[in-house]
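Read through the structure below, which is laid out as C-alpha cells, and then see the notes.
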Amino acid sequence: MNEQLQQIIEQKIKAYCEANAIPLAALKWMPIPFSGEWGMSTSFFQTAADEIRAGGAKKPVPARAQEIADALKGQMGGVEGVSRVDAVKGYLNVYFETAAYARRVASDAIASRADFGRGAPKGQRLMVEFSQPNTHKAFHVGHLRSAILGDSLARILDFAGYDVVRANYPGDMGLHVIRWLWAYMKYHNGEEPEADITNWMGMVYSDATKRLEENPELEAEVRALYARWDRRDPDVVALWEKTRQWSLVGFDQMYDLLDIKFHKYYFNSEEEQPGKEIVAELVKRGIAIDERPEGPVIVKLDDLLGNKNEKFRVLVVLRSDGTALYATEDLSLVLHKFRDYPDMVKSIYVVDVRQSLHFTQVFKTLELAGYEDAKKCAHVAYELVTLPGNVVMSSREGTVVLLENLIREAIERAKEEAKKKNPNLGEEQLNAVAKAVGLGALKYPLLARENAKIVTFDWQSALDFNGQAAPYIQYAHVRCNSILRKAGVETLNVKRSTFDYALDPSEIELIEAISRFPAEVQRAAEEYKPLVIASHGYEVARTFASFYDKCPVIQAEENVRAARLELVMAAKQTMANALSLLGIQAPEVM
RNA sequence: GCCCCUAUAGCUUAAUGGACAAAGCCGCGGCCUUCUAAGCCGUUAAUCCAGGUUCGAGUCCUGGUAGGGGCACCA
C-alpha cells in the first residue's frame, strides 16, 4: 500500500549508508506501535551489530543504532506524503500525512467493494481437499472442523489470488459400510431415511455395532457379506449404491445449509483397484516388500531412507489377503488428483492431526518411487473437537453431538435472541437473521483458533452470542448498514471527502485496521490459517464499535460527515469481506 | 522405547525475532430523550522450569516437567 513511499525512503537510507561506509543490513518495515498516527518503522540494530562485530565503533549496539537512526532522520526531508520522521530507540519512524492516508485507505476499500483485499491473480492452481465424511455414518460436530476449516481455507486461498479446486473425498467403502449393509438387510430391510438423513444413517450404524458387540459370533455374517462385496454380488452392489446415495444426499443438505461447495468428488471405492496396481508397481520396483501370504505388503521407509531413529516407520500398503487399505487408496488418490490437474502447484489435505504419520508415509513412499508430484502434497493438520473433560467424540461411544441437532439448536437460539433484541423484524427477516447468526456463532470458534489446538465444544459457549464471536462482527456490520441507510447513501456513491480535520483516535485506529486487511489475507493464505482473518475481522469490528460510540456520523458537520460516511462504508465492506472468507454471512439487519 | 503436537491473566484465546505481551469470558464500577446496549468506557491479573543462540526471545535451539496424539495389515 505504501510501496512507493517505502522505495523512496529506502533509496535515501541506502544512499546515506553507502556514502558513510555503513554496512546496511536488509531493511524490514513494520508498523509503528500505535501512537495516534500512521507510519512505518525500521530499525538499525542489525546494521549496528554487524558494524561493531566488523571492528567498527566500540559501543553498545542500541546506542549505535540510535546514532544511525538520528543521522538518517536528517536525510529524510521533503518526501511527498510524509508528515514527519522520528528517530527513537534505534528505530526510524516515518509518519504519513493523515488526511492523504485516510483518503487513500477509504477510497480503496470503497472502490474495490467485494474485491477489497483480493490479491492479484497468481496464475497458480491448488487443491484443497476437506471434509471427507464417511457414508453410512452420522455427521457429528467432530466432523465439522475439517468442513469449516477447509471451506474457509479454500475461500482465503481463492481470495489471495490462487485458482482453487475444492475437493471432497467421502469414505464410501470399508468395513463400516459392510457392517451397515449387514444390519440394514437383517434388521431394517425396506426402511427409508427419515428427515435428518445422516442422523438416521448413523442410527442404523450404531444398531449394527451394538448388535455385533452383544453377539460377536455375528461377525461371521459380516465377513461373508464382505466376501459378497468383493465378488461384486449384484444385490449387494445395488444396495450399496442406493444407500450410499442416501448419505450423499444427506451430506449435500448439510453442505447447503453450511454454504459449503465442492468442485470435485473423489471416492475411496474408486481408488481401490488403481491403488492395488500402484502397490504392484512398488513391489516390482523394490520399494514395497510383498510378504504375502504370511504377511502384508509393506514399505520399510526408515530402511529405505537409512534413518537411525524410527521416524517414518513401516507403511502397510496392502492386506495379506490382498484387500485394499486406506493407504492403498491414498497412494492412488495422489496420482489421480495430478492426472486431473497436472498444473497444480500444491495439493492440500485438511485432515485431523492423528493422520499426520499416515500422510507423511504416503507422500514419502511416492516420492521414493519417483513421483515428483508427491512433493507438492501438504497435510494441513488440525486438532480435534472434544467434549468437556477431553472426551473425544465417537459415534461408537455415543459421545457425539449430532450436527443436524446442533445446527437446529443454534438457529433456534439465535431466533429467540433476535426476537428479543429486535421485535420489529418480519418473519422472513427473522429467519434469515437467525440462520446467519446461529451458523456464524457455530463456525467462528472453530476458525478463531490455531489449527493445532484442540477445540472443546460445549453448548454454552457455542451458543454464546456475546464478545469475541461472529455475531459481534455481524452486529457491527449491521450498524454500518443502519447508518448508511439513515443517511440515504446505501448506493456507495458519496462525494469524496478530504479528511481535512482533526481525526478522533478511534477513527485513526479504524482506518489502520481497514488498511491492514489485504496484507492479513496474504498472511492467512501463506500460513493456511483462517485464524488470521477471524482475529482481524474482529479487530475491525472492535475498532468500529469504539468509533461508533465516540463519533457521530449523521449529525456531524458536512465535511466530517462526508468523511465518516466513507469510513463507515469502508468498514462495512471490510467486515463483509472478512466474514465472507470465514464462510459467515453478513446480515443487513439484526 | 521412538516420533509429533501443546503449555501466555482465574477461564477461553491472540501476538511476521523488535519498542509497553493483546482481547474475550467471569468479577466489580459507570454509560441508552442522541446513527440498533448482540454495544461502549474503566478496573485487577500472565509468557511451565533450566540453560543456550542473538544487539534483542512468548516466538529459535538443547535438556527437563506436565498434558494430548501417533507408531505393521483401523480410518
Side-chain angles (χ1 to χ4, degrees), chain A residues 28 30 32-33 41-50 52-53 60-65 88-91 93 132 134 171 174-176 268 291-292 295-300 309-321 323 325-327 351-358 360-361 381 383-384 386 390 392 414 417-418 420-422 424 437 445 448-450 452-456 461 464-469 471-472 474-476 478-487 519 523 526-527 531-532 534-535 538-539 542 545-546 548-556 564 568 589-590:
Chain A
K28 25 177 198 180
M30 293 169 313
I32 305 172
S41 158
T42 193
S43 69
F44 299 97
F45 297 112
Q46 193 61 56
T47 299
D50 291 348
I52 289 166
R53 200 177 302 118
V61 168
R64 179 56 186 150
V88 52
K89 291 182 184 169
Y91 291 85
N93 293 337
Q132 308 105 342
N134 279 326
L175 196 54
H176 74 278
N268 74 319
E291 297 183 335
R292 287 178 294 172
V297 181
I298 59 173
V299 180
K300 293 185 162 180
N309 284 348
E310 306 168 39
K311 189 157 180 140
F312 292 89
R313 297 171 185 276
V314 172
L315 178 65
V316 176
V317 291
L318 201 65
R319 287 198 186 91
S320 47
D321 65 1
T323 58
L325 293 148
Y326 254 54
V351 182
D352 81 69
V353 67
R354 291 175 301 187
Q355 296 188 43
S356 292
L357 177 62
H358 168 79
T360 311
Q361 291 177 322
E383 260 294 354
L384 302 181
T386 65
N390 207 19
V392 175
E417 206 68 15
K420 253 188 285 176
K421 305 282 185 189
N422 190 349
N424 302 322
V437 172
R449 220 160 241 73
E450 204 69 61
K453 288 193 180 173
I454 293 173
V455 174
T456 303
S461 56
D464 185 357
F465 300 146
N466 296 313
Q468 184 167 2
Y472 179 95
Q474 293 171 316
Y475 184 62
V478 163
R479 283 169 137 189
C480 288
N481 187 53
S482 190
I483 291 173
L484 297 176
R485 192 178 57 239
K486 294 219 164 142
R523 186 157 84 90
E526 278 163 28
E527 300 178 4
L531 157 71
V532 171
S535 293
Y538 174 74
E539 178 71 12
R542 205 172 56 78
S546 183
Y548 180 92
D549 196 61
K550 291 199 185 68
C551 301
V553 177
I554 293 173
Q555 288 153 6
R564 288 183 176 165
V568 171
V589 291
M590 275 171 77

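Please read all numbers here as calculations on a predicted model, not as lab measurements. Residue numbers start from 1 in every chain, and the chains themselves are labelled A, B, ... in the order their sequence lines are given, proteins ahead of strands. All values below come from the heavy atoms of this structure, side chains included, with hydrogens, waters and symmetry mates left out.
Using a 4.0 Å heavy-atom cutoff across all strands shown, A:C480 reaches no nucleic acid atom at all. Here A:Q355 lies in heavy-atom contact (under 4.0 Å) with a base. Contacts of A:A545 with the nucleic acid, taken as non-hydrogen atoms under 4.0 Å apart, involve only primed sugar atoms and P, OP1 or OP2. Using a 4.0 Å heavy-atom cutoff across all strands shown, A:V568 reaches no nucleic acid atom at all. In this structure, A:H358 reaches the bases: a heavy-atom distance under 4.0 Å links it to at least one base atom across the strands shown. Counting any heavy atom pair closer than 4.0 Å across all strands shown, A:N93 reaches a base atom. At the heavy-atom level, A:I554 lies under 4.0 Å from base atoms of the strands shown. Nucleic acid contact for A:K420: none, since no nucleic acid atom lies under 4.0 Å from a heavy atom of the residue. Within the nucleic acid shown, A:V317 has no heavy atom closer than 4.0 Å to any nucleic acid atom. Across all strands shown, A:S41 has heavy atoms under 4.0 Å from base atoms, whether or not it also approaches the sugar-phosphate. Residue contacts for A:A327: at a heavy-atom cut-off of 4.0 Å it reaches no nucleic acid atom on any strand shown. Among the protein residues, A:V589 comes within range of the nucleic acid bases, having at least one heavy atom under 4.0 Å from a base atom. Nucleic acid contact for A:L357: sugar-phosphate only, since backbone atoms but no base atoms lie under 4.0 Å from a heavy atom of the residue.
Here the P atom of nucleotide B:A38 and the OH atom of A:Y538 are 15 Å apart, to the nearest Å. Nucleotide B:C73 holds its P atom 11 Å from the CD1 atom of A:I298, rounded to whole Å. Between the NZ atom of A:K550 and the P atom of B:G39 there is a distance of 15 Å, rounded to whole Å. Distance, A:K486 NZ to B:U34 P: 10 Å, rounded to whole Å. A straight line from OH of A:Y548 to P of B:C41 spans 14 Å, rounded to a whole angstrom. Put simply, OH on A:Y91 is 14 Å from P on B:G17, counting in whole angstrom units. As a whole-Å value, the separation of A:D549 CG from B:G30 C1' is 13 Å. One interatomic measurement links the two molecules: CZ of A:F312 to P of B:C2, which rounds to 18 Å at whole-angstrom precision.
Side-chain atoms of A:Y475 lie closest to B:G39 of the nucleotides B:A14, B:A19, B:G39. Of the candidates B:U54, B:G18, B:A38, B:U54 carries the atom nearest the A:R53 side chain, counting heavy atoms from C-beta on. Each of B:U36, B:A38, B:U34 was ranked by its minimum atom distance to the side chain of A:A418; first place goes to B:A38. Closest to the A:V316 side chain, of the nucleotides B:C35, B:A38, B:C73, is B:C73.
The shortest heavy-atom contact between A:P471 and A:V437 is CG-CG1, 3.9 Å. Of all the heavy atoms in A:H358 and A:A327, the pair that sits closest is CE1-CA, 3.7 Å.
Residues A:Y548 and A:I483 form a side-chain contact, since some pair of their non-hydrogen atoms from C-beta on lies under 4.5 Å apart. A 4.5 Å side-chain heavy-atom check between A:C480 and A:V568 finds at least one atom pair inside the cut-off. In this structure, A:R564 and A:P552 have side chains that are in contact, with non-hydrogen atoms separated by less than 4.5 Å. With a 4.5 Å cut-off on side-chain heavy atoms, A:K453 and A:L531 do not count as touching.
Residues A:A476 and A:N134 both approach RNA chain B. Their nearest nucleotides, taken by heavy-atom distance, put A:A476 toward the 5′ side. Mapping A:E539 and A:K300 onto RNA chain B via the closest heavy atom, the residue that lands nearer the 5' end is A:E539.
In this structure B:C71 sits in a base pair with B:G1, meeting the Watson-Crick or G-U test at under 3.5 Å. Both distances falling under 3.5 Å, in either a Watson-Crick or a G-U wobble arrangement, occur for no nucleotide opposite B:C20. Across every strand in view, B:U65 sits in a pair with B:A7 that passes the Watson-Crick or G-U test at under 3.5 angstrom. Across all strands shown, B:C60 forms a Watson-Crick or G-U wobble pair, both distances under 3.5 Å, with B:G52. In this structure, B:G42 forms a base pair with B:C28, meeting either the Watson-Crick or the G-U wobble geometry with both donor-acceptor distances under 3.5 Å.
A salt bridge links A:D352 to A:R354: at least one charged side-chain nitrogen sits closer than 4.0 Å to a carboxylate oxygen. For A:E417 and A:K420, the salt-bridge test passes: some basic side-chain N is under 4.0 Å from an acidic carboxylate O.
Here, B:G27 and B:U44 have their C1' atoms 9 Å apart, quoted to the whole Å. Distance check on atom P: B:G64 versus B:A45 gives 36 Å, rounded to whole Å. A distance of about 10 Å separates the C1' atoms of B:U8 and B:C48, rounded to the whole Å. A gap of 24 Å separates the P atoms of B:C20 and B:A14, to the nearest Å. Nucleotides B:A22 and B:U47, compared at atom P, are 13 Å apart to the nearest Å. A gap of 15 Å separates the C1' atoms of B:U33 and B:A37, to the nearest Å. Rounded to whole Å, the P atom of B:U65 lies 15 Å from the corresponding atom of B:A50. With P as the reference atom, B:A46 and B:C5 are 29 Å apart, rounded to whole Å.
In terms of polar N and O atoms assigned as donor or acceptor, the side chain of A:Q46 comes within less than 3.5 Å of the base of B:C55 in a complementary pairing. The base of B:C73 sits with one of its N or O atoms less than 3.5 Å from a complementary donor or acceptor on the side chain of A:S320.
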Stepwise side chain to side chain contact (heavy atoms under 4.5 Å, CB included) test for A:N422 and A:M590: CA-CA 7 Å; A:N422 190 349; A:M590 275 171 77; 5.9 Å; no
In sequence, state the C-alpha distance, the side-chain angles, and the governing distance for A:V299 and A:Q361, and then conclude on side chain to side chain contact (heavy atoms under 4.5 Å, CB included). CA-CA 9 Å; A:V299 180; A:Q361 291 177 322; over 6 Å; no
Apply the test salt bridge (Lys or Arg N to Asp or Glu O under 4.0 Å) to residues A:R542 and A:E539: give CA-CA distance (whole Å), side-chain angles for both, the deciding distance (0.1 Å), then the verdict. CA-CA 5 Å; A:R542 205 172 56 78; A:E539 178 71 12; 3.3 Å; yes
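Phosphate proximity of B:C40 to A:Y472: present, with a side-chain N or O under 4.0 Å from OP1 or OP2. Phosphate proximity of B:U16 to A:R523: present, with a side-chain N or O under 4.0 Å from OP1 or OP2. Contact check, A:K89 against B:A19: no side-chain N or O comes under 4.0 Å of OP1 or OP2. Remark: A:R542 is not in phosphate contact with B:A22, judged by side-chain N or O atoms under 4.0 Å from OP1 or OP2.
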Going 5' to 3' along nucleotides 3-13 of chain B, which nucleotides have protein heavy atoms under 4.0 Å from the base (write B), which only from the sugar-phosphate (write S), and which from neither (write -)? SSSSS----SS
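Ring-to-base geometry places A:F45 in a stacked arrangement with B:G18 (centre distance under 5.5 Å, plane angle under 30°).
Between A:Y538 and A:Y472, the angle of the ring planes lies from 30° to 60°, which puts this pair in the tilted group.
The glycosidic torsion of B:C25 lies more than 90° away from 0, placing the base in the anti range.
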